[in-house]
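Letters go in sequence order (proteins before strands), and every chain restarts at 1.
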2 protein chains.
Amino acid sequence: MSEKPQPQDPVALDLRLPDPQPQDPLALDRQVCFALAAASRSVIGLYRPVLEPLGLTHPQYLVMLALWERSPRTVRDIGQALRLEPATLSPLLRRLESAGLLTRKRNPDDERALNVELTAAGRALRQQAEQVPGQIFDRLGMNVAELERIRDGLTMLLTASQRA
Amino acid sequence: MSEKPQPQDPVALDLRLPDPQPQDPLALDRQVCFALAAASRSVIGLYRPVLEPLGLTHPQYLVMLALWERSPRTVRDIGQALRLEPATLSPLLRRLESAGLLTRKRNPDDERALNVELTAAGRALRQQAEQVPGQIFDRLGMNVAELERIRDGLTMLLTASQRA
DNA sequence: CTCATTTAGTTAGTATACTAATTATTTGTG
DNA sequence: CACAAATAATTAGTATACTAACTAAATGAG
């Protein structure tokens, strides 16, 4: 599809128009990091209209997913699950608290730690959230197996980049 | 907590320990969007120390890649290549101009458009940038074929999400 | 027990990114 | 030609995200 015939004939090479793609290591379309950044922004953009009725941004949705798996959790625990710094989560959690979806209370056994816990409204929101993955899937219109293959590749990439 | 066992085989199900993963469509680790967001942030984080000597952030590096392919380009043109809004590029380009890597001049033939053009310093930076992909590759320590497979999957995902 | 060290969050400062609104030009239509 | 519509950037406003610096609390070695 985006394939160019591999020029095996040296004579033909000189006749080609300048094209950054062929073997330029700096060609934009060859960079994994560009594919990653662009796909991430684009896919997350798909979530915007779907999450908007729930009153959530995509990062907020991820925090809710973490809390629906377990609640209460500490800031650090959520950060480890989502691979986000506490400094990023701090204001984000405050907004979710303002939205009435969770509470933030110091842990009585360790006053340094903050217990982040779902409210009834936060738990109730899960029902609506259950429709989200299906809606995104429909919009993407991709093969399930293909999507899972991509996700598994990304998980591998995440592991490799964290090891580095 | 937030678990409701799917009662298909009530007897066997009751014996399972609570585990969000198996078939919960909202399980964090199943979400393509989470793998995407986390991998994107983590891989871009790998670039930080590598790009720091060049004085570039990762988005700035992507803009430079676009300009090394062709210069001058308009803001809109760069935005289409990088899949970024002009509103995002506007301040970013101003910073690159302050860094002396490019110039911003209105197009005489169309005063609405802005010609973004590399300076000599901007062109010269390419030499150092040529070392970047190799350094990242070394840090990742992943198979080339594997990486290209992931990149191609991401490109497919990007296409699908833009079509939606 | 005491104080240096570690740990958990928050705050400050910078840079993305998005949508919506605005400004300046250019284009197209009657 | 006049002017509404379209186009290109910028600005305003909100929300992430990161590092570094800071505060408060818990831990641990002597």
Original post:
When you measure from the side chain of Ser161(A) to the backbone N and O of Leu157(A), does any donor-acceptor pair fall under 3.5 Å?
Top reply: yes

Original post:
With no hydrogens and no angle check, is any side-chain donor or acceptor of Arg151(B) less than 3.5 Å from a backbone partner on Ala35(A)?
Top reply: no

Subject >> Sequence-distant partners of Glu146(B), salt bridge (charged side-chain N to carboxylate O under 4.0 Å, His left out), two or more places apart >> reply: Arg149(B)

Original post:
Is it true that a side-chain atom of Thr74(B) and a backbone atom of Asn115(B) form a donor plus acceptor pair closer than 3.5 Å?
Top reply: no

Original post:
Of the residues in residues 36-60 of chain B, which ones touch DNA chain D at a heavy-atom distance under 4.0 Å?
Top reply: Arg41(B), Arg48(B)

Original post:
What are the bounds, 5' to 3', of the part of DNA chain D that sits under 4.0 Å from heavy atoms of chain A?
Top reply: dA15(D) to dA26(D)

**OP:** Quick one: the dot-bracket string of DNA chain D, using Watson-Crick and G-U wobble pairs with both distances under 3.5 Å, [ ] for crossing pairs and | for bases paired to another strand.
**Re:** ||||||||||||||||||||||||||||||

Original post:
Rounded to the nearest 0.5 Å, what separation is found between the CG atom of Leu154(A) and the CG atom of Leu36(A)?
Top reply: 6.5 Å

Which atom pairs, one a donor and one an acceptor, fall under 3.5 Å between side chains of residues 50-60 of chain A and the rest of the protein, sequence neighbours left out?
| unit_1 | atom_1 | unit_2 | atom_2 | d |
| --- | --- | --- | --- | --- |
| Thr57(A) | OG1 | Gln60(A) | N | 3.3 |
| Thr57(A) | OG1 | Gln60(A) | OE1 | 3.4 |
| Gln60(A) | OE1 | Thr57(A) | N | 3.0 |

Original post:
Looking at residues at least two apart in the chain, or sitting in another chain, which of them share a salt bridge (charged side-chain N to carboxylate O under 4.0 Å, His left out) with Glu111(A)?
Top reply: none

Subject >> Those residues that, when tested against Asn143(A), pass side-chain hydrogen bond (donor to acceptor under 3.5 Å, both in side chains) (two or more places apart) >> reply: none

**OP:** For Arg41(A), enumerate each residue passing the side-chain hydrogen bond (donor to acceptor under 3.5 Å, both in side chains) test, keeping only those at least two apart in sequence or located in another chain.
**Re:** none

Original post:
Who passes side-chain hydrogen bond (donor to acceptor under 3.5 Å, both in side chains) against Thr155(B), sequence neighbours left out?
Top reply: none

Subject >> For Arg112(B), side-chain hydrogen bond (donor to acceptor under 3.5 Å, both in side chains) partners two or more places apart >> reply: Asp110(B)

Result block: side-chain N/O donor-acceptor pairs under 3.5 angstrom for residues 80-97 of chain A, not counting sequence neighbours:
| unit_1 | atom_1 | unit_2 | atom_2 | d |
| --- | --- | --- | --- | --- |
| Arg83(A) | NH1 | Gln162(A) | OE1 | 3.2 |
| Glu97(A) | OE1 | Arg104(A) | NH1 | 3.0 |
| Glu97(A) | OE2 | Arg104(A) | N | 3.3 |

Atom pairs, N/O to N/O, protein against nucleotides 8-11 of chain C, distance under 3.5 Å?
| unit_1 | atom_1 | unit_2 | atom_2 | d |
| --- | --- | --- | --- | --- |
| dA8(C) | OP2 | Arg76(A) | NE | 3.3 |
| dG9(C) | OP1 | Val75(A) | N | 3.2 |
| dG9(C) | OP1 | Leu114(A) | N | 3.1 |
| dG9(C) | OP2 | Arg76(A) | N | 2.9 |
| dG9(C) | O3' | Arg106(A) | NH2 | 3.4 |
| dT10(C) | OP1 | Arg104(A) | NH2 | 2.9 |
| dT10(C) | OP2 | Ser90(A) | OG | 2.4 |
| dT10(C) | O5' | Ser90(A) | OG | 3.1 |
| dT11(C) | OP2 | Arg94(A) | NH2 | 2.9 |

